[in-house]
Amino acid sequence: MFLAVSSPARGIVEVVELDARGGETARERMPEAAFPEWARGREADHPRWVWADTRRWYPALLDAGVRVERCVDLRMCRLILRNAAAASGTELARSPRDRWDAPAHVPAASGALFELEEPEPDDDPAAELLRQRAAIADSGTPGRLSLLTAADSVGALVAIELEHAGLPWDAARHDRILVEVLGERMPGGRPARMEALVGRIRAALEDPQANPDSPPTLLRSLQRAGLRVSSTSRWELAGLEHPVIEPLLAYKKLARLFTANGWAWLDEWVHDGRFRPVYVPAGVVTGRWASDGGGALQLPRQVRGAVVADPGWKLVVADAAQLEPRVLAAMSRDAAMARAGRAHDLYQGMVDAGAVETRSQAKYGMLGAIYGGTTGEAGRMRPRIERAFPRAMAFVEAAARAGEAGEQVSTWLGRTSPRGRDAGYDETRSDDERARELRDGRARGRFTRNFVVQGTAAEWALCWMGALRRMLWQLGGGDAADAVLTARPHLVFFLHDELIVHAPAGLADAVAEAMRASAAEAGRILFGEVPVDFAVTVAVVDSYAEAK
DNA sequence: TCGGAAAGCGCC
DNA sequence: AAAGGGCGCTTTCCGA
């Protein structure tokens, strides 16, 4: 059963009930303020809530203590279906662009002028649901596209739940880390250790004006001091012999922490013991999540010690080991690579199988295969990887050739890469233009090569997350109405191939088991019975820094 | 004065 | 530590 939710007028909610075949069975209007209580009553029937945008509707439900099991995020699903090659022959794909193709709802910043504007009424979500279901049914791959749209929708729910719960964050510990690494905080100036490093940099360059915060002026200072550099980046500086190098590299490291995750970040993003970033599910073309504020997906290792479970609770941290190579093995049905993945450490499995000599060779060879690396260790390992895993390599090579030819590629479930720029064919091109096109084409090949693997890994992660979410709910826990999620084991963090659950200590082992079981389930849901293990490393800890 | 681009580096 | 893919964030620069 579907419950299609919209707001036909400001402050009014309309819900259309549809049966499994899409026929309307009931229709109801209510004031928006009454909707959460109404939804709480209906959730017992396990409906699939259908709405334009999860971020528009779900926060208020969670605030009222209403957790929903399933939804269809129509705008996310429209984007998938609009672009999916498998659905290109459907009516939806041919229809002109409309408001369902518009970017997702962005909540107005408090105090902004936008709040005064009358919101546009939603278009009819029931009609859009039927259009999308027809497109999926008429596509060449209805099973995969319905799984993909369901997976993205559950991701949309999880994103809002993560923001609702927040990541437990000990601001005092964070402050101690900052003081230890950066030195005492100086009002209006650089922290003590950073300032000391600036002194050493200026002395080493014999330039009292040298400013390591400004790349152009720093570059000139370095060149005046006789260093032959063309940029101030770390990789270029690291190879040089000069007294300025050591303090300068140290300064860069500290400056990064200070500006990106220092006291200002703490003030802005951590409140009442929780870090609440903004997630953007499927915000990346490959289907990976992005973030929009807070930088949750770039949380540096240095500050992970500030992620601390509440008293009596634990953090259960799970990481999918070598996810992308395993996904590639499953997609390409490469039996030899799957065998290497029987080992918990796939790279060690490659060594044991005799494909390469060292774990490091395995790692860089594999990453080169997936990213299209041709130089360094990745390039040297290429022939061996091709010999050992011919099907896997043929799979990514095919994706790369498609990209070079200007074609689109799709993930396992059918998310399709964006169209490349149409280069066209022009006999009159100059050599420069030809060279540029060749370079662009190769870049495009590396993109499509990576797209199929990264995008399918993102799909695996969504399936993992969805299965885990269901298992966590079944584990139960407290039932406080004002803490429907947070009184029981709940997800608090997601980072591409890593999940963190905050759980009462007594349930931590059960959660750890659920994380393994859901990973195995994700593999089965996506790929059926393939002989590929999706190994996860699970740690029950008090602080995120203790995990690996 | 403002906003976009670029540099640089954090994450996977 | 090394290059390939995808990002976000901060600061500085620079042109309109």
Side-chain angles (χ1 to χ4, degrees), chain A residues 190 211-220 229-239 248-249 251-262 264-265 268-269 277-304 319-325 327-328 358 360-361 363-382 385 396-397 399-400 403 409 411 415 417-418 439 442-458 460-461 493-499 544 548:
Chain A
R190 296 186 179 95
N211 175 13
D213 292 325
S214 167
T217 61
L218 177 63
L219 182 60
R220 286 192 289 274
V229 285
S230 57
S231 80
T232 66
S233 63
R234 194 182 50 193
W235 64 267
E236 186 166 356
L237 295 174
L248 180 53
L249 293 181
Y251 180 86
K252 281 169 169 282
K253 189 109 183 127
L254 269 46
R256 169 76 193 190
L257 176 63
F258 176 60
T259 57
N261 294 97
W265 179 91
E268 184 175 357
W269 291 103
V278 178
Y279 292 97
V280 186
V284 177
V285 287
T286 57
R288 270 191 178 180
W289 287 19
S291 63
D292 180 20
L297 305 183
Q298 298 113 261
L299 206 61
R301 290 203 130 70
Q302 282 169 303
V303 301
R304 292 185 181 181
D319 175 310
Q322 303 108 26
L323 177 57
E324 294 191 349
V327 161
L328 174 56
T358 67
S360 169
Q361 287 178 343
K363 181 174 177 178
Y364 288 101
M366 209 59 249
L367 291 180
I370 292 171
Y371 292 146
T374 53
T375 60
E377 187 79 314
R380 280 194 294 281
M381 291 302 114
R382 188 72 164 268
I385 303 287
V396 289
E397 282 297 322
V409 295
T411 60
R415 196 188 307 270
S417 65
R439 204 176 56 240
R442 290 203 176 123
R444 180 115 201 118
R446 287 193 299 273
F447 168 65
T448 51
R449 169 197 294 269
N450 185 249
F451 181 93
V452 294
V453 180
Q454 186 186 114
T456 304
W460 182 91
F493 194 59
F494 172 55
L495 183 54
H496 305 312
D497 59 2
E498 200 172 326
L499 286 167
Y544 189 13
K548 70 170 181 179

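Quick note on labels: first sequence line is chain A, next is B, and so on, each numbered from 1.
- Within the 4.0 Å cut-off from OP1 or OP2 of C:dC13, at least one side-chain nitrogen or oxygen of A:Ser214 is found.
- With the 3.5 Å cutoff on both pairing distances, Watson-Crick and G-U pairs in DNA chain C assemble into runs of at least 3 at B:1-12 with C:5-16.
- If you check every strand for non-hydrogen atoms under 4.0 Å, A:Gly295 touches sugar and phosphate atoms only.
- The ring pair (Phe, Tyr, Trp, His ring centres under 6.0 Å) search around A:Tyr279 returns A:Trp289, not counting sequence neighbours.
- Residue A:Phe451 is out of contact with every strand shown, counting any heavy-atom pair closer than 4.0 Å.
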Spell out protein contact along nucleotides 1-12 of chain B as letters: B when the base is contacted, S when just the sugar-phosphate is, - when no protein heavy atom is under 4.0 Å; keep the 5' to 3' order.
-> ------SBBBBB
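- Note on A:Val453: nothing from the nucleic acid sits closer than 4.0 angstrom, heavy atoms only.
- Minimum interatomic distance between A:Gly294 and A:Pro277 (heavy atoms only, all atoms of both residues): CA-CB, 4.5 Å.
- Under a 4.0 Å N-O distance rule, the pair A:Lys252/A:Glu236 does not qualify as a salt bridge.
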Check: protein-nucleotides 14-16 of chain C nitrogen or oxygen pairs below 3.5 Å:
none

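- For the salt bridge (charged side-chain N to carboxylate O under 4.0 Å, His left out) test, residues two or more places apart in sequence or in another chain that qualify with A:Asp319 are A:Lys548.
- No side-chain heavy atom of A:Leu297 sits under 4.5 Å from any side-chain heavy atom of A:Arg288.
- Among the heavy atoms of the strands lying under 4.0 Å from A:Gly293 are primed sugar atoms or P, OP1, OP2 only; no base atom is included.
- If A:Thr374 and A:Asp213 are placed on DNA chain C by their nearest nucleotide, the residue sitting closer to the 5' end is A:Thr374.
- Residue order along DNA chain C, read from the 5' end via each residue's closest nucleotide, puts A:Gly373 first among A:Gly373 and A:Trp265.
- In this structure, the salt bridge (charged side-chain N to carboxylate O under 4.0 Å, His left out) partners of A:Arg190, at least two apart in sequence or on a different chain, are A:Glu195, A:Asp213.
- A:Gly294 comes within 4.0 angstrom of sugar-phosphate atoms only, judged by non-hydrogen atoms across all strands, and of no base.
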